[in-house]
Trainee: 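What follows is a structure written as structure tokens; I'll ask about it next.
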Amino acid sequence: MRLQRIYVHNFKLLQDIRIDLSTDPQRPLTVIRAENGSGKTSLHYAILWGLYGVKGLREVTRAERIRLTSTASPPGKPVAVEVSLEFEVEDDGGPARYRLQRTVIETPAEGDEVERGQEVVRLSLLTGAGGEHVALPEQWIEQRLPERLADVFFTNGDDVQKFITGRQHAHERQLKVHEAIENLLGIGKLRRAVEDAAAVYQIYEKRAAKDAGAKVEGFSDQKDELRRKSDELNAKIEKLSSRQKNMEAAQSQDRRDLDAIKGIGDLEVLNAQVAELERDCAALETRKTECLHAMSALLCDEVTSWSLMNDALTAGLGRLDELKEMRVIPSHSVQVLHDCLEAGECICGEPLEPGSSSREHVQSLLDEQQDKSAVSKYLSEARYRAHALRETGSQPDRFPARRTQLLSEYAQIIQEIKRKGTSLNASKERRGQIDDEKVRRLQSDLNEREEKIKETIYELGVLGNQAVAVEQETAAKQKQLEKAQREAKISADISTKRDVATDLKDLASAVRDRLEGDYVKQVSTRLQKMFHGIIGSDNSSTQGVYTGVTITNSFDIKVMSQQGTSLDPDFEINGASQRALTLSFVWSLMEVAGVVAPRFIDTPLGMVSGDAKRRMIEAITRPPGPSETPFQVVLLLTRSEIAGIEDILDERAGSFLTLSCSHHHPQDLVNNWLVDYPVSRTCTCTHREICDVCARRRDDEHLRYREQEASL
């Protein structure tokens, strides 16, 4: 989808605004020059309202109260609000042009209250003969520019880092990245296909179980109960995980608030010491656990058994060998006696007629030998296993050496934990003694949340173990069910349908997993390349701060440092790099997806300057290559953002517009528009021009004045 024209009427201060956007693949950029307070955010919201209405605008902006009209509108006077968007899409018959119009009557009341009528939405297919009405316009838009991806297609400078920084909880950022990848790349459809295939499989599995009889149906019911129990456990785990992430996010916020307090002793130094000591203690606890696991493994090793019980085990093995030499083991008499009874003749040739004393004697011998056979079999197996284990475990010197090594390592770790723990407690105590009520409260909250997080982690561990046990039990029950189904008689029709449903489910799951992995890898690779290109570093460099960028399996975007650790995006990545990272993600995602859609960004270059600004604009406005998907970029830029990149805009932009607001006169605007109320208007000035509408008092003297274009 390519936006071609935007018309806004009476939305906030935008009285009558028309914007023609560039659709030239080789000049994909549209530049809207606008200073702060000129109506950039209003234009952004107007487009969102035109696409998704008040409900969608509220969801996207998270605003509790939505007012569409200007606060300068007089109370009691109805105002007609309209947004019209024209765009081109590829339909089955080729390119087609559509117009989406959304209108509503809003009547301002006293204060900031408004009365709003019913929104009217109309979608028309534009043809040479006029406009043809298209039914269900909102569903049509949802298929092409889904509301859940609105912040991918339309975003502003303040929110551009929403995929990256801690302004949101970590799990919310991960969810946004996951949703963007899943929905933009079409993986969501595959996921739903997997769910549908699994539901069909469950139907035919139940039918097959019922057809096979009570035993199989019982196994199926037991497996369903285990699946239900597994779902309950997973739901609890997900709920606890979400709670943990919320607590960790609140903990991070408390730490940020604590770090933001300046001029109170050496708080920053103490915070750094505490953070470093906490990392050291965590690492030592991990080493301690690993050492204990190694000790446990050593105690379970055959080497340990032979080292500690060599004499007793050797004597036992010798006795088993003696029994072998005496032919006590292995015993074959049971089979011989059984064969004699079955043949009706003793090994000596005497007949063993039924009821005869000879047959009764042989039967009694068989009964006696069967009692001894179980013991003989056990002794035989013990002998074979003992010889095999002795060959692998008879290394008497290995256990003492390994034991000494592990005990020494464990003692060193315990000593280091005590030392680091003492230092950590001392640092925390010093930090807690800072005479500031806010600092004390924050520290108390941090300690309390830390304990709650530990409790939650423990609960998650317990639930995780239960979930694993249920999964293992479910797998065992599945084997029982499959065996019972093979032994039972199931109608060919149901069996075939069940097998087909199984194949479809497995195929859809495999395709989804493969595509998701491949797509994420492609986006991750492209993201890293673009990000390093913008910030001007090489990921193979040993001098740069950032050595790598990747999208994790949990759909978090991570930036790696020279030390191999992930950097905190709020504290260790500057604002310019945050914006570069988010723009790189959005661009990489849309390139991999091959989606033709507008990329509308309000004030993208805040906190970005110099060469980084030039590289960022070059990266996001680079015309696509012959095999790449065409795209469209709309940037709302202030004059300070434009400074230093004028030549790039000359080359890449196919459409220019300047947006100004009357309330900037007389402090900023040169000319008085002679209006009694604040209003925003446009002119066709490029980034190198000014006119009577947009001229500002601090404009660069090199800007060309366009008197013939003046329009007041």
Trainee: Keeping the roles fixed (side chain from Thr422, backbone from Lys418), state whether a donor-acceptor pair exists under 3.5 Å.
Mentor: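 Checked: pair present.
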Trainee: To check you understand the geometry: which heavy-atom pair defines the closest contact between Leu581 and Val549, and what is its length?
Mentor: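 In this case the closest contact between Leu581 and Val549 is CD1-CG1, 3.6 Å.
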Trainee: State the NZ-CG distance between Lys236 and Leu460, to the nearest 0.5 angstrom.
Mentor: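 Reported value, rounded in 0.5 Å steps: 12.5 Å.
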Trainee: Apply side chain to side chain donor-acceptor pair (under 3.5 Å) to Ser524 and list each qualifying residue two or more places apart in sequence or on a separate chain.
Mentor: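 Side chain to side chain donor-acceptor pair (under 3.5 Å) check on Ser524 returns Thr550.
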Trainee: Glu409: what forms a side-chain contact (heavy atoms from CB on, under 4.5 Å) with it, not counting sequence neighbours?
Mentor: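 Scan of Glu409 (side-chain contact (heavy atoms from CB on, under 4.5 Å), adjacent residues dropped) gives Cys291, Leu406, Ile413.
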Trainee: Looking at CG of Leu226 and OG1 of Thr474, how far apart are the two atoms once the value is rounded to the nearest 0.5 Å?
Mentor: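 It comes to 4.0 Å.
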Trainee: Please tell me if the side chains of Ile237 and Asn234 come closer than 4.5 Å, counting only heavy atoms from C-beta onward.
Mentor: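 They are in side-chain contact.
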Trainee: Considering residues at least two apart in sequence or located in another chain, which fulfil the salt bridge (Lys or Arg N to Asp or Glu O under 4.0 Å) criterion with Glu225?
Mentor: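 In terms of salt bridge (Lys or Arg N to Asp or Glu O under 4.0 Å), with neighbours along the sequence ignored, Glu225 is linked to Arg228.
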Trainee: Would you compute the distance between atom NZ of Lys529 and atom OG of Ser584 and round it to the nearest 0.5 angstrom?
Mentor: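 OG of Ser584 is found 12.5 Å from NZ of Lys529.
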Trainee: What is the minimum heavy-atom distance between Gly421 and Cys281, and which atoms define it?
Mentor: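 Shortest heavy-atom contact: N-SG, 4.2 Å.
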Trainee: Please determine whether a side-chain nitrogen of the Lys or Arg among Glu450 and Lys428 lies less than 4.0 Å from a carboxylate oxygen of the Asp or Glu.
Mentor: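 A salt bridge is present here (some side-chain N lies under 4.0 Å from a carboxylate O).
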Trainee: Just wondering, do Val468 and Gln472 contact through their side chains at under 4.5 Å, heavy atoms?
Mentor: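 Side-chain contact under 4.5 Å: yes.
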Trainee: Restricting to side-chain contact (heavy atoms from CB on, under 4.5 Å), what partner residues turn up for Gln466, sequence neighbours left out?
Mentor: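 With neighbours one apart ignored, the set is Leu233, Val462, Leu463.
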Trainee: Please list all pairs passing the side-chain hydrogen bond (donor to acceptor under 3.5 Å, both in side chains) test where one or both residues lie in residues 451-464, with sequence neighbours left out.
Mentor: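 Counting only pairs at least two positions apart or across chains, the side-chain hydrogen bond (donor to acceptor under 3.5 Å, both in side chains) contacts touching residues 451-464 are Glu448-Lys452.
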Trainee: Sequence neighbours left out, what passes side-chain contact (heavy atoms from CB on, under 4.5 Å) with Leu407? Give chain and number order.
Mentor: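 Listed in chain order: Met295, Arg403.
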Trainee: What residues, two or more places apart in sequence or in another chain, satisfy side-chain contact (heavy atoms from CB on, under 4.5 Å) together with Glu416?
Mentor: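 Applying side-chain contact (heavy atoms from CB on, under 4.5 Å) to Glu416 gives Leu284, Arg419, Lys420.
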